[in-house]
Protein chains: 2
Amino acid sequence: MQAFVLHFGEMGSRWGINRTVGQICALLFLSGRPLPADEIAEALGFSRSNVSMGLKELQSWRLVRLQHLPGDRREHFSTPDDVWQIVRTLAEERRRRELDPTLSVLRDLLLDKVASPEDRHAHARMREMHDLLELITRWSEDIQKLETDQLVELIRLGGRVVRLLELKNRLPLIGRGGKAGAGDKADDSRPTDESSFDEDLMS
Amino acid sequence: MQAFVLHFGEMGSRWGINRTVGQICALLFLSGRPLPADEIAEALGFSRSNVSMGLKELQSWRLVRLQHLPGDRREHFSTPDDVWQIVRTLAEERRRRELDPTLSVLRDLLLDKVASPEDRHAHARMREMHDLLELITRWSEDIQKLETDQLVELIRLGGRVVRLLELKNRLPLIGRGGKAGAGDKADDSRPTDESSFDEDLMS
DNA sequence: TCGTCTTTTCAGAAAAGACTGAAAGTTGAA
DNA sequence: TTCAACTTTCAGTCTTTTCTGAAAAGACGA
């Protein structure tokens, strides 16, 4: 447990969240029961107030839930039981905090007039970035709608699709170069090379 | 350009990379041509040596390439032309730096003997975490094998699948047997409960 | 080889961030 | 209402990270 908690402390500090927060989260995750702040402070060797800060932060990430145990006035904290739930919450929160604001900045910038040829290039780059982030945002929103077991299957499916394509590439006699395929997405108007992929998949 | 660079500086500092590095990367991305270190320093208002550090860091992330322009002794730097390439490199590098070490720690910890019932629970949690991370690692390795346009299609496909399932749920007359799926979890190898998901998809 | 142009390194200044103890705030039972 | 149990806040300290200028190291042409 020691090692796990310390590792996630380190990991935490590579991300936005700091060591304290990482460790608290790891501890709560491993612990079989909700813990009160003072036990956390004792277990990790942090000051009580530091733990209080950390817990507040974790709550803002929706990673810990506060609950009251009968016969104990102290507040107890716990992470969700399901690892997948934790990861999903984390992903969603990161999207909200990082992707969304970035997209919003990009949208604004794309409204500006292009003047110099230097700007022209920069503008085009921003659009590419914008489109990419929008695609990912949309995808992650969709993903969030799935039940966890469906999500797991979708991930496995992804892997299988890749391996399938890979296999196909090794047997070039089957791969004819296809066209076809009706409109798709549309939102970015360019005639993406379309077809090939889903057609291959579905066949 | 100003705004874009500043924004990515901020974003950078929320991630592991620092403001300087984020700004340098953003600047190179927007700039239509490779830039020498001193131009970067001037454009961003950092000291020459700071830029040198930043570039070194960016190179360790494989996000910038060094090149020599004819007739100029200075080294020039540029990001890949393709946004997708950048994001993919970033993802791969993060996996290497964050997921892999974590998995390795978890694997080690899972070898330890379980003693107390407290440990029992912690052990189980670590296993869940391990399995999840392994699934994601595998998936991301698979994903990396695709050409960019295939990847884009796969992402779109994912979204479409979700919307399809969602639609199906809204028309319960079609949806026979809910949930399904016997054992889930567990490593891989065995014939995963298979069916339910992809069968639904393919039909 | 030297001299010039360029990059890297590094010790320490400056800034940012984490952490603490003390004090103020909150809550619920009596 | 008061008190004790508990939580939060915050000013200040300590730690870490970032950034700089000066100096060393490297590269190239003459």
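Order of the sequence lines sets the chain letters (A, B, ...), proteins ahead of strands, with each chain counted from 1.
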With a cut-off of 3.5 Å and sequence neighbours excluded, list every side-chain donor-acceptor pair involving residues 33-43 of chain B.
residue : atom : partner : partner atom : Å
B:Arg33 : NH2  : B:Glu39 : OE1          : 3.1
B:Asp38 : OD1  : B:Arg74 : NH1          : 3.2
B:Asp38 : OD2  : B:Arg74 : NH1          : 3.1

Nucleotides 3-5 of chain C: which of its N/O atoms have a protein N/O under 3.5 Å away?
residue : atom : partner : partner atom : Å
C:dC5   : O2   : B:Arg73 : NH2          : 3.0

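Other residues, nucleotides and ligands contribute more than 12 heavy atoms inside 6.0 Å of the NZ atom of B:Lys145.
Using a 4.0 Å heavy-atom criterion, one finds that B:Asn50 contacts the bases of the nucleic acid, with or without backbone contacts as well. B:Arg48 comes within 4.0 angstrom of a base, heavy atoms only.
Put simply, CG on B:Asp72 is 10 Å from C1' on C:dT6, counting in whole angstrom units.
Contact annotation: B:Lys56 side-chain N/O to C:dT9 OP1/OP2 distance is under 4.0 Å. Applying the 4.0 Å criterion to OP1 and OP2 of D:dT8, one finds that A:Ser52 has a side-chain N or O inside that range.
Ion pairing between B:Arg160 and B:Glu153 holds under the 4.0 Å rule for side-chain N and carboxylate O. Of the charged side-chain nitrogens involved, at least one lies within less than 4.0 Å of a carboxylate oxygen, so that B:Glu93 and B:Arg96 count as a salt-bridged pair.
Interface residues of residues 1-14 of chain A facing DNA chain D, ordered by number: none; criterion, heavy-atom separation under 4.0 Å.
Annotation for A:Ile143 and A:Arg88: closest pair O-NH2, 3.8 Å, computed over non-hydrogen atoms.
In this structure, A:Arg97 is not positioned above the aromatic face of B:Trp15 in the sense of NZ or CZ being under 6.0 Å from the six-membered ring centre and within 45° of the axis.
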